[in-house]
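Beneath this line is the structure, given in structure tokens, with notes to follow.
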Amino acid sequence: MTRITKRYVISQAFHAATPPKPVFSGTLSLVHFHGEGRASSNDSVLKSLSKETNIKEAIKILERSDNVGIGAYTRLLEACIRSKSLSGGEKIHQYLLKNNTHIRSSIVLEKLTRLYVECGEVELARNVFDRIPNPNVVLWNSMIRAYSWDGLFDRAVDLYYEMCDMGVEPNKFTFPFVLKACSVLKALEDGKKIHDHAKRIGLDFDIYVSTALVDLYSKCGCLNEAQIIFDKMPKRDVVAWNAMIAGSALHGLYKDTIGLFLEMQKAGTNPNTSTIVAVLPTVGQAKVLNQGKSMHCYCVRRTFDKDVQVGTAVLDMYAKCEQLDYARRIFNTMGVRTEVTWSAMIGGYVSCGCMGEALKMFDQMLLKDEMDPTPATLGIVLRACAKLTDIDRGRQIHGYTIKSGFLLDIMVGNSLLSMYAKSGLIDDAISLFNKMEAKDTVSYGAIISGCGQNGNAKEALFIFHKMQVSGAHPDLATMLGVLPACAHLAALKQGRSGHGYLIVHGFSSDTSIGNALIDMYSKCGRIDVAREVFDRIPKQDIVSWNAMIAGYGINGLGMEALRLFHDLQKVGIKPDDVTFVCILSACSHSGLITEGKHLFYAMNKDFNIIPRMEHYICMVDLLGRGGFLDEAHNFIQRMPFEPDVQVWGALLGACRIHGNIELGEVVSKNIQRLGPEGTGNFVLLSNIYSAAGRWVDAAHVRIVQKDWGFKKSPGCSWVEVSGSVHAFIGGDHSHPQSALIYEKLEELLVEMKKLGYHADASFVFQDVEEEEKERILLYHSEKLAIAFAILSLSPNKTIFVTKNLRVCGDCHSAIKFITMVTKRVISVRDTSRFHHFKDGTCNCRDFW
DNA sequence: ATAGGGTTAG
């Protein structure tokens with residue numbers, strides 16, 4: 001799609017730049033006609049030929065003349081070629097066919113082939129070409145070149161092989177054409193074969209052939225190979241330098257590119273606009289503003305800046321260096337601006353976060369005549385829609401991509417996908433994804449991370465498997481979507497196999513990958529492996545440290561988290577706001593209240609980080625869990641900004657743990673005042689009432705909740721057994737081994753009771769008989785998952801169960817008994833942390 | 001010359 005658009009633009013430009021020319025104008029071939037036949041009839045032919053519309057006339061005259069030799073036709077055709085008169089040539093062709101004259105003559109067929117080549121009619125050219133018994137190398141060359149010009153690169157390469165098969169030896173003009181085609185196709189293997197061929201003929205040192213080889217190898221990523229050929233060139237012109245520079249720029253090698261740019265000038269070759277246009281993007285990528293400025297000066301000195309492409313490249317460089325004012329100034333002073341210029345400017349605003357300005361410019365662009373958005377423009381604007389979650393505009397653009405046909409452009413499709421996914425419209429994203437005909441690695445990456453971010457990790461992993469079957473190759477970014485999905489599901493086996501894949505493909509030393517692995521392993525309960533990964537990351541960044549601190553936090557290893565926080569300061573990396581969220585919640589989970597309070601104040605005083613809502617949530621949680629309910633309440637009231645639902649929710653949770661009904665009621669009034677966001681809080685409040693036996697109040701809360709239209713999401717627990725995830729909801733009978741599972745639970749209950757277990761009825765939130773309560777509790781999802789795991793996993797194996805809500809208090813105590821009865825180690829990950837149960841205790845020290 | 005998927009908290 002992109003290609004078609006570009007060609008459309010180019011042909012428009014061509015028409016605009018070329019004034020209508022009288023065909024057969026000037027002195028062309030007139031002289032030749034005089035040399036042959038009878039002067040009188042030829043003279044009249046020539047006269048009528050001076051106008052294209054008179055070709056028919058010319059043919060009539062030829063028809064009337066006797067003994068018109070083949071030369072007259074070939075010269076006529078030659079004239080058509082020079083003036084690119086397709087219609088004239090076609091008329092002659094038709095005349096020859098009709099009269100069956102000279103139509104098998106090689107010389108006529110050659111001229112016709114060349115005519116069609118020059119007029120861009122490749123298929124017609126090929127048709128005639130195939131009738132020539134032994135075309136010479138020049139004709140083969142122009143045919144190959146014609147395919148290349150028309151974008152039919154694969155056919156250009158095919159034709160080269162055909163030519164060799166026919167025993168025609170390529171010359172120094174053949175190689176540049178066919179190598180160019182290989183370079184565009186990234187057909188390295190073909191390119192190498194052709195390179196060998198050129199070597200055998202001894203043409204590989206020709207400046208044009210060498211340049212084409214440099215271009216081929218550098219575009220295919222073999223920069224060393226390109227450099228070797230480049231170094232061996234006896235002479236290098238600006239095109240050769242540009243090929244080398246463009247190759248290194250393409251791979252984002254800023255230093256090498258600038259090095260070549262300087263070297264070129266030292267060698268006495270002046271850069272041209274193509275050089276500049278190749279170099280500037282790497283300057284922008286590397287954000288080296290000073291270098292960019294001096295390149296800009298160079299352009300001004302050589303008046304390159306009048307060139308649209310150069311101007312656009314300079315503008316883009318400033319935008320990438322976050323110098324929007326410079327970029328805008330360039331934009332304003334440019335005499336000519338193309339769609340690319342506008343797109344670059346809009347893109348600059350988007351990456352700098354100025355969405356309003358970006359959308360304003362996009363609207364202005366739409367109002368301009370003869371200025372239509374390109375696929376790239378739409379991609380940029382969709383990114384803005386995603387960041388703003390401007391769904392209306394996003395959908396509008398979706399409509400436009402359908403109408404314009406741009407939806408077939410895979411990048412546009414991917415931008416739409418990620419716009420929907422990031423706006424939380426995962427169903428729209430999935431349906432678009434299913435409709436997309438061509439899907440690449442990026443499409444899969446977008447939908448996988450989209451599913452993960454929208455809480456559908458299972459679907460994410462399912463699509464990941466489909467991706468591998470489809471033959472698309474997961475890359476680094478794909479895995480950065482897959483690993484969090486594994487982490488969410490605690491799917492250790494799948495996460496581990498992902499880790500293996502990353503090692504095999506050489507991605508495992510990447511920092512972001514390491515960070516995602518730390519998170520995955522620590523959420524799968526393997527804090528030891530997480531630490532190993534952390535220690536092996538060659539260049540840790542702040543995210544690595546944060547992930548590791550958080551990992552210790554949810555595993556109840558607060559002291560380890562604090563130790564790491566102190567190590568962090570020793571290495572000289574500055575903690576960021578997220579670091580404090582991690583360390584404060586780590587303190588909270590381990591009951592390290594003094595340390596947490598200290599850190600909260602140090603955060604502002606020593607680290608210059610102003611606490612955000614998230615930090616207040618952590619602090620309320622820390623104080624509340626620790627039993628300092630009034631202090632937590634005071635803390636909220638002293639907040640410098642309005643606390644949100646989650647802050648009050650943290651306090652309500654603490655009221656639940658410590659059974660404080662009075663404060664719980666105050667808090668829940670505040671929550672209801674703040675609006676409908678706090679679904680989970682209804683459950684908490686109702687639980688507080690029912691724990692105290694106030695069934696009527698509890699029921700009332702449930703009724704209000706219902707009236708407001710909220711559903712409590714059912715508790716769900718799952719466990720991974722030999723690579724597949726088995727999920728259970730409370731009282732669930734849908735599992736194939738259900739009967740065995742319930743039998744096991746009854747058996748366990750008997751043993752647990754012998755050791756002193758009593759079902760804690762305060763966790764049953766319905767007013768039913770005691771025995772019924774015991775059953776309800778016994779069939780909680782976490783207990784079902786544990787029973788299934790006991791049946792399925794060998795006794796020496798730790799059982800990992802994951803739950804979508806907080807683990808229930810009765811289950812928490814029951815699991816302790818289960819570890820005593822079965823002598824097994826059980827870990828439960830709930831929404832807030834890990835509970836590692838062993839020998840009748842849990843490492844959360846009942847701080848759940 | 002412009003463009004797509006990405007890790008940490010709760």
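Quick note on labels: first sequence line is chain A, next is B, and so on, each numbered from 1. Keep in mind that this is a model prediction, so the values were computed, not measured.
Distance CG (A:L476) to P (B:dG4): 17 Å, rounded to an integer number of Å. One interatomic measurement links the two molecules: CG of A:D510 to P of B:dT8, which rounds to 14 Å at whole-angstrom precision. Distance, A:L517 CG to B:dG6 C1': 13 Å, rounded to whole Å. Remark: C1' of B:dA1 and CE of A:M295 are 13 Å apart, rounded to the nearest angstrom. One interatomic measurement links the two molecules: CE of A:M365 to P of B:dT2, which rounds to 15 Å at whole-angstrom precision. Following rounding to the nearest Å, A:R625 (CZ) and B:dG10 (P) show an atom-to-atom distance of 10 Å. One can place CZ of A:R612 at 12 Å from P of B:dG10, the figure rounded to the nearest angstrom. Going from atom NE2 of A:H589 over to atom P of B:dA9 covers 11 Å, rounded to whole Å.
A salt bridge links A:D535 with A:R531; the closest basic N to acidic carboxylate O contact falls under 4.0 Å.
Residue A:A376 is in base contact, counting any heavy-atom pair closer than 4.0 Å across all strands shown. Here A:T441 lies in heavy-atom contact (under 4.0 Å) with a base. Within the nucleic acid shown, A:T341 has no heavy atom closer than 4.0 Å to any nucleic acid atom. Using a 4.0 Å heavy-atom criterion, one finds that A:V578 contacts the bases of the nucleic acid, with or without backbone contacts as well.
With B:dT2, B:dA1, B:dG4 as the candidates, the nucleotide lying closest to the side chain of A:T374 is B:dT2. Closest contact between the side chain of A:N546 and the listed nucleotides B:dG4, B:dT8, B:dA1 involves B:dT8. Of the listed nucleotides (B:dA3, B:dG5, B:dA9), B:dA9 has the atom at the smallest distance from the side chain of A:C582. You'll find that the side chain of A:S449 is closest to B:dG6, out of B:dA9, B:dT7, B:dG6. With distances taken from any side-chain atom of A:D316 to the nucleotides B:dT2, B:dT8, B:dG4, the minimum falls on B:dT2. Taking only side-chain atoms of A:V581, from C-beta outward, the nucleotide of B:dA9, B:dA1, B:dG4 with the closest atom is B:dA9. You'll find that the side chain of A:A516 is closest to B:dT7, out of B:dA9, B:dT7, B:dT8. The side chain of A:S585 approaches B:dG10 more closely than any other nucleotide in the set B:dG10, B:dA1, B:dG4. Of the candidates B:dA3, B:dA1, B:dT7, B:dA1 carries the atom nearest the A:Q309 side chain, counting heavy atoms from C-beta on. Side-chain proximity of A:E614 to the nucleotides B:dT8, B:dA9, B:dT2 is greatest for B:dA9.
In the interface, the side chain of A:T478 is paired with the base of B:dG5 through a donor and an acceptor atom under 3.5 Å apart. Taking 3.5 Å as the limit, the base of B:dG4 and the side chain of A:D440 contain a donor-acceptor pair of atoms between them. A donor N or O paired with an acceptor N or O is found under 3.5 Å between the base of B:dG5 and the side-chain atoms of A:D475.
Rounding to the nearest 0.5 Å gives a distance of 6.5 Å between CG of A:L492 and CE of A:M520.
Residue A:Q453 has no polar side-chain atom (N or O) positioned under 4.0 Å from OP1 or OP2 of B:dG5. Between A:K523 and the phosphate of B:dG10, there is no side-chain N or O to OP1/OP2 separation shorter than 4.0 Å. Remark: A:Q285 is not in phosphate contact with B:dA1, judged by side-chain N or O atoms under 4.0 Å from OP1 or OP2. Contact annotation: A:R383 does not reach the phosphate of B:dA3 (side-chain N/O to OP1 or OP2, under 4.0 Å).
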What donor-acceptor contacts under 3.5 angstrom involve side-chain atoms of residues 344-354 of chain A, with partners at least two apart or in another chain?
| from | atom 1 | to | atom 2 | distance (Å) |
| --- | --- | --- | --- | --- |
| A:Y349 | OH | A:R328 | NH1 | 3.1 |
| A:S351 | OG | A:G347 | O | 2.7 |

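A:C451 has its side chain within reach of A:I430: a pair of non-hydrogen atoms, C-beta onward, lies under 4.5 Å apart.
Ring planes of A:F580 and A:H615: perpendicular class, angle over 60° (limits at 30 and 60°). Under the 30°/60° scheme for interplanar angles, the aromatic rings of A:Y616 and A:F635 are found to be tilted.
A:Y444 and A:F433 have their aromatic ring centers within a separation under 6.0 angstrom.
The stretch residues 417-434 of chain A touches DNA chain B through A:S418, A:K422, each having a heavy atom under 4.0 angstrom from the strand.
Counted by atom type alone, A:S588 and A:S585 present zero donor-acceptor pairs between their side chains at under 3.5 Å. Between the side chains of A:D440 and A:S443, at least one donor-acceptor pair of N or O atoms lies under 3.5 Å.
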